[in-house]
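Both counts, for ligands and for their atoms, begin at 1 and track the order of listing. The analysis underlying the following values was restricted to heavy atoms, covering all of them including side chains, and did not include hydrogens, waters or symmetry mates.
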Amino acid sequence: MELRLYDTLSREKRTFVPLDANNVRMYVCGPTVYDFAHIGNARPVIVFDVLFRLLRHLYGEAHVKYVRNITDVDDKINDRAARDFPGLPLNEAIRKVTEQTGKQFHADVDALGALRPSVEPRATEHIAEMREIIEKLIAGGFAYAAEDHVLFSPQAMNAANSVLPHYGALSNRSLDEMIAGARVDVAPYKKDNTDFVLWKPSKPGEPSWPSPAGIAAQGRPGWHIECSAMAWKHLGEHFDIHGGGIDLVFPHHENEVAQSCCAFHQQRMANYWMHNGFLQVESEKMSKSLGNFITIHELLQDWPGEVLRLNMLKTHYRSPIDWTMKSLEESAKTLDDWYRVAADVAPGKPAAPVIEPLLDDLNTPQAIAALHGLRGGDVNALAGSLRLLGFLSESNAQWEGRKQQASGVDAKEVERLIAERTAARSRKDFKESDRIRDLLAAMGVAIKDSKEGTTWEVAR
Ligand code: AMP
Ligand code: ZN
């Protein structure tokens with residue numbers, strides 16, 4: 001069966017045909033590293049990790065290249081650096097912020113069971129490529145320098161009579177409407193109010209680099225140009241899949257397409273544009289002011305990363321997701337059960353009923369329903385399928401052990417109490433055995449008696 005993916009540009013599900021089946025190429029916009037990533041940021045990480053794993057399954061591990069960038073030059077980073085390290089020179093403070101946040105991001109997404117991308121390029125290491133693209137755009141008449149800025153002109157792009165796509169095609173907006181609706185108090189260096197920044201001057205003390213030809217002052221890149229440069233460097237002028245959250249369609253991705261297609265005279269930047277829907281928390285938009293802003297780091301204090309992963313995949317990636325405590329609890333129960341029956345068996349081939357829905361535009365809810373179907377039957381296929389989806393990274397004993405640790409239950413103490421209870425029962429001291437059972441329950445431990453003896457687990 002073939003893979004079909006929904007493409008934001010053509011607004012339809014299309015059969016996925018890679019440009020080169022020996023080198024399937026995907027780019028996903030990564031984080032701006034200035035703070036802990038929130039659970040909304042985890043959504044593209046998990047969704048595109050599932051796609052990465054599926055592509056590796058279909059085309060072979062060595063034949064898929066996944067690039068996810070790190071944005072390490074940004075006003076938010078500068079502000080955070082000045083606030084957190086007021087005693088340091090700004091550039092040093094910035095390095096501290098981006099290093100710390102980058103490490104934290106890796107710890108978070110590793111815990112979510114996401115494979116590391118093939119390449120994780122940093123914006124600051126691709127300034128030369130950005131300059132080169134900007135110079136091409138100026139030479140082609142798509143961009144111009146003014147007051148130490150370089151601006152891209154969507155109107156010049158749409159006036160060009162060539163293979164180029166139309167500015168606005170990805171986000172389904174008309175440039176004429178944008179022109180009519182644009183604000184009047186436009187920056188003085190812009191010729192038209194729809195022009196956007198490719199390069200800008202740095203303020204004293206801010207990070208700065210030599211500017212594109214024709215500009216004397218040092219400067220720094222705009223945000224959109226970063227991704228055009230990093231995608232070009234690592235994936236070429238035209239590649240297969242470009243992804244990110246739905247909020248990035250406009251202006252970020254529209255501008256990436258404009259920059260890359262105009263610089264390289266291409267009709268397309270990526271053949272498939274994929275966007276995950278937004279995540280909200282307990283039916284409300286997540287925001288710091290509402291007090292419902294949750295970081296991945298905080299959630300990982302209470303839940304194993306695989307629980308967060310399963311909880312995310314229960315909703316189709318294009319639908320909005322409502323992140324609730326109730327759903328998390330259910331996901332935890334499901335995983336406890338899967339660990340019990342499948343973590344320690346030999347993994348079989350991933351099952352067709354799990355793969356088929358994934359091939360239909362990553363229908364993970366249906367794949368999860370198929371996993372439930374395997375639960376009572378072919379547990380080897382269940383184990384293989386779960387592994388393909390990034391679950392069962394540890395044994396059942398390790399899983400249970402971590403649960404006990406997280407709940408603060410001392411396994412040795414529990415074993416000792418159970419032995420005492422068994423002894424009490426064998427001398428028919430039921431008052432004492434009931435007392436111990438209640439004591440264990442109060443500790444959050446549930447016990448189960450069977451012919452083989454007494455087993456226990458931490459009740460969540
Ligand atoms: P940012 O660091 O804000 O650029 O976001 C990094 C990635 O997370 C981008 O792909 C965003 O589209 C995505 N993202 C941010 N907030 C959410 C959210 N609430 N739900 C889903 N995706 C999000
Ligand atoms: Zn990007």
Which pairs count as ring-ring contact (aromatic ring centres under 6.0 Å, His included) when at least one residue sits in residues 8-28, sequence neighbours excluded? Phe16-Tyr272, Tyr27-His242
Can you sort out which atoms of ligand 1 are near Asp247, meaning under 4.0 Å from one of its heavy atoms? 11 (C), 12 (O)
Is the closest N or O pair between Leu248 and ligand 1 shorter than 3.5 Å? no
From the Zn ion (ligand 2) out to just under 2.8 Å, does an N/O/S atom of Cys227 turn up? yes
At less than 4.0 angstrom from any non-hydrogen atom of Gly277, what atoms of ligand 1 do you find? 21 (C)
Note: ligand 1 atoms sitting under 4.0 Å from heavy atoms of Thr32 are 2 (O)
Within 4.0 Å of some non-hydrogen atom of His38, the atoms of ligand 1 are 15 (C), 16 (N), 17 (C)
Which atoms of ligand 1 are found less than 4.0 Å from any heavy atom of Leu279? 18 (C), 19 (N), 20 (N), 21 (C)
In terms of residue, atom name and distance, what is the protein heavy atom nearest to atom 3 (O) of ligand 1? Asn41 ND2, 4.1 Å
Interfacing atoms of ligand 1 (cut-off 4.0 Å, heavy-atom, Asn276): 21 (C), 22 (N)
Pull out every atom of ligand 1 sitting under 4.0 Å from any heavy atom of Pro44, numbered as shown with elements. 7 (C), 8 (O), 10 (O), 13 (C), 22 (N)
Between side-chain atoms of residues 89-103 and protein atoms elsewhere (two or more places apart, or another chain), which donor-acceptor pairs fall under 3.5 Å?
{"from": "Thr98", "atom 1": "OG1", "to": "Ile94", "atom 2": "O", "distance (Å)": "3.2"}
{"from": "Thr98", "atom 1": "OG1", "to": "Arg95", "atom 2": "O", "distance (Å)": "3.2"}
{"from": "Thr101", "atom 1": "OG1", "to": "Val97", "atom 2": "O", "distance (Å)": "2.5"}

For Gly245 and ligand 1, does the shortest N/O to N/O distance drop below 3.5 Å? yes
